[in-house]
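Input: a single structure, listed below in structure tokens.
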Amino acid sequence: MSTAVAGARTSLRHYASLFLTLDSAKSALFYYVLLTQVIKAQRHLRARGLTTTAKELYSWVSQQIVRLILSTPAMKKKVASQMDQAKLDIENRLVPKGPNVVRHLVLPPEGKSADWILKEMEIMDGEMGGSTDTWRLGKLSGAVYHGGDELSKLIVDAYSRYCVSNPLHPEVFPAVRKMEAEIVAMVLKMYHGPSGSAGVMTSGGTESIIMAVKTYRDWARAVKGITEPELIVPESGHAAFDKGAAYLGIKVHTIPLDPYTRQVDIKRVKRAINANTILLVGSCVNFPDGNQDNIVALGALAKKYKVGLHVDCCLGSFIVPFLEPSGLSKGSDKGRYRLQPFDFSVEGVTSISCDTHKYGFAPKGTSVIMYRTAELRQYQYYINPSWIGGVYASPSISGSRPGALIAGCWAVMQYMAAYLNSCREIVGAARAIADAITDDIPELYVLGNPPASVVAFASKHPKVDALEVGDAMAKLGWHLNGLSSPKSVHIACTRLTVPLVDQFIADLKDSVHVAKLSPTGKGSMVSVYGLGNSSAVGPEMVGQLASAFLDALYKA
């Protein structure tokens with residue numbers, strides 16, 4: 001009996017000990033999860049600050065309340081009706097309709113002649129009441145970076161020569177391989193790439209940026225063991241950084257700008273850096289207002305904390321490297337538009353993106369992503385040595401790529417050479433517009449101190465809405481870009497803008513007068529950005545309209 005009791009006690013002690021061990025493990029796991037969440041919250045709070053965090057919380061609560069209100073049957077029906085009408089308006093602006101519109105929805109039973117095809121293209125060009133040559137009027141912000149008809153002919157000739165080429169097969173198309181390598185080398189030289197620097201061509205600025213984000217993610221994982229990467233981007237940084245982070249599962253800290261300089265707040269950047277930070281971002285120049293960030297200060301932070309620094313020069317491209325040799329880097333006599341250091345000459349800069357298809361005048365679909373070292377570039381590559389189809393390796397997202405675009409890019413760069421004249425003309429136009437706004441249009445002011453080709457203006461008059469000015473300019477044939485934070489409008493000057501500077505300034509003065517005396521509140525800029533700021537769910541509604549816009553692009 002005593003033996004049985006002793007055995008029972010031993011078993012009881014064993015199970016009690018096991019229970020306590022399991023209970024301790026559960027407690028340890030609980031406290032571990034709690035600790036990691038506290039650390040994440042602390043990092044988030046440190047990066048955002050109390051004010052921004054409170055605003056985010058307020059915005060989230062407001063969204064929930066507004067969504068609850070909008071979910072009532074009456075409001076739901078009303079909002080759906082208005083959104084359906086807005087979507088229909090978008091479709092009507094993009095998709096040709098009517099009895100005379102022919103839709104080619106299936107393959108023809110027999111092949112068409114070249115003459116028929118070209119004639120049909122001509123018909124389609126006019127179906128929306130416009131013309132393929134509208135851009136030649138020059139009233140565009142960016143969009144078309146035209147180097148001249150002679151250059152266009154050269155691009156077409158180069159494209160024709162290499163129209164079937166594919167860099168995926170360098171042994172079949174050795175000239176294309178050589179041209180691509182030479183394009184990268186020339187752009188690296190423009191941006192003072194040091195010995196051992198390297199790069200890759202991509203399909204455009206967005207791919208270049210996404211490739212950079214991917215590179216730093218993989219580098220940080222391999223070198224630092226970071227599995228929950230974070231990157232730090234100025235508010236003015238290109239949306240491609242957010243896009244890349246969304247694709248690749250990376251947290252983004254968006255840092256506000258100094259409202260006067262329009263440069264990212266360096267103190268806030270420093271505060272946002274933590275053990276999971278893989279990359280800092282700066283621009284030269286940024287898309288929204290054409291200003292550059294303090295790359296030297298960002299480089300110092302990147303070097304101190306041993307993280308990457310990517311400088312987005314996709315828009316600055318073939319302008320900012322030529323400001324100094326053109327005599328424009330020191331700015332104007334009034335102390336405006338001075339260029340600060342921005343390239344690989346700055347310590348801490350580890351990568352740069354540059355679009356050859358903007359101010360390089362190359363055909364659309366070409367860009368270059370550069371790295372300080374070839375070792376860093378290795379993390380951009382995708383290599384699969386065990387695929388049954390053979391060893392697969394590609395430098396960027398695409399596998400097959402159009403070698404004809406590479407040939408066109410190479411040809412343009414050989415033709416243009418130093419780009420000094422185009423830099424002087426375009427930057428001269430932008431600065432003339434900026435000076436006119438600052439000196440002659442008291443209702444408006446220029447955002448920051450833009451050193452290159454982009455000028456953004458906002459209103460400092462209580463009765464003038466900058467977006468109303470933008471809509472008034474649209475009625476005069478100008479296609480400009482509306483911006484938010486603050487409400488503003490920008491023009492990215494190109495060669496097409498150069499002969500129209502005086503007309504732009506005169507039209508801008510007239511548009512300010514119209515916006516002040518008789519604002520409509522119905523223009524596209526006012527409507528879209530007004531909706532975005534109308535309520536806590538305004539951005540969500542704008543997102544639905546943007547989705548409808550994308551849907552309309554594919555409506556045959």
Side-chain angles (χ1 to χ4, degrees), residues 43 47 184 187-188 191-194 196-200 202 205-234 236-238 240-255 264 266 268-284 286 292-314 316 341-354 367-382 395-396:
R43 288 173 176 171
V184 171
V187 178
L188 278 167
Y191 282 86
H192 297 108
S197 58
V200 167
T202 70
T206 293
E207 186 183 0
S208 287
I209 288 170
I210 292 174
M211 286 289 88
V213 172
K214 185 262 185 194
T215 295
Y216 289 104
R217 183 199 66 174
D218 291 1
W219 164 79
R221 184 168 52 201
V223 175
K224 292 187 168 187
I226 294 175
T227 57
E228 295 184 359
E230 301 178 8
L231 60 88
I232 298 171
V233 183
S236 55
H238 199 279
F241 290 101
D242 295 278
K243 185 177 184 178
Y247 283 172
L248 298 167
I250 298 172
K251 182 173 181 175
V252 177
H253 292 293
T254 304
I255 307 301
V264 69
I266 297 297
R268 295 286 295 272
V269 171
K270 182 178 179 180
R271 201 165 71 190
I273 296 173
N274 62 56
N276 282 334
T277 302
I278 63 171
L279 177 64
L280 309 182
V281 172
S283 302
C284 186
N286 70 51
Q292 70 169 123
D293 290 306
N294 187 341
I295 304 302
V296 173
L298 288 170
L301 287 178
K303 187 176 180 182
K304 179 179 179 180
Y305 292 99
K306 295 180 173 57
V307 297
L309 170 57
H310 181 85
V311 182
D312 177 19
C313 292
C314 288
F342 63 91
D343 57 20
F344 284 117
S345 64
V346 178
E347 287 191 68
V349 172
T350 51
S351 60
I352 300 174
S353 49
C354 167
S367 177
V368 174
I369 169 69
M370 298 167 274
Y371 298 100
R372 183 174 284 274
T373 67
E375 289 77 18
L376 184 57
R377 179 179 63 177
Q378 291 283 325
Y379 293 100
Q380 178 177 307
Y381 297 162
Y382 175 79
S396 56

On a heavy-atom basis, the closest approach of Met211 and Pro395 is SD-O, 4.3 Å

Residue pair [X] / [Y], side-chain heavy-atom distance below 4.5 Å:
| X | Y | result |
| --- | --- | --- |
| Lys270 | Lys304 | yes |
| Val307 | Ile278 | no |
| Thr350 | Phe344 | no |
| Thr206 | Lys243 | yes |

Exercise. If only atom types and distance count, is the side chain of Asn274 paired as donor or acceptor with the main-chain N or O of Asn276 below 3.5 Å?
Worked result: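 A pair under 3.5 Å: yes.
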
State whether the side chain of Asn286 and the backbone N or O of Ser236 hold a donor-acceptor pair below 3.5 Å, judged by distance alone. no

If you round to the nearest 0.5 Å, how far is [atom2] of [Y] from [atom1] of [X]?
| X | Y | atom1 | atom2 | result |
| --- | --- | --- | --- | --- |
| His238 | Ser283 | NE2 | OG | 9.0 Å |
| Ile352 | Asp343 | CD1 | CG | 5.5 Å |
| Ser353 | Tyr191 | OG | OH | 8.5 Å |

Are more than 12 heavy atoms from other residues, nucleotides or ligands located less than 6.0 Å from atom OH of Tyr305?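 Enclosed: over 12 neighbouring heavy atoms sit under 6.0 Å from OH of Tyr305.
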
side-chain hydrogen bond (donor to acceptor under 3.5 Å, both in side chains) with Tyr371: of Gln380, Gln378, Arg377, only one passes, and it is Gln380

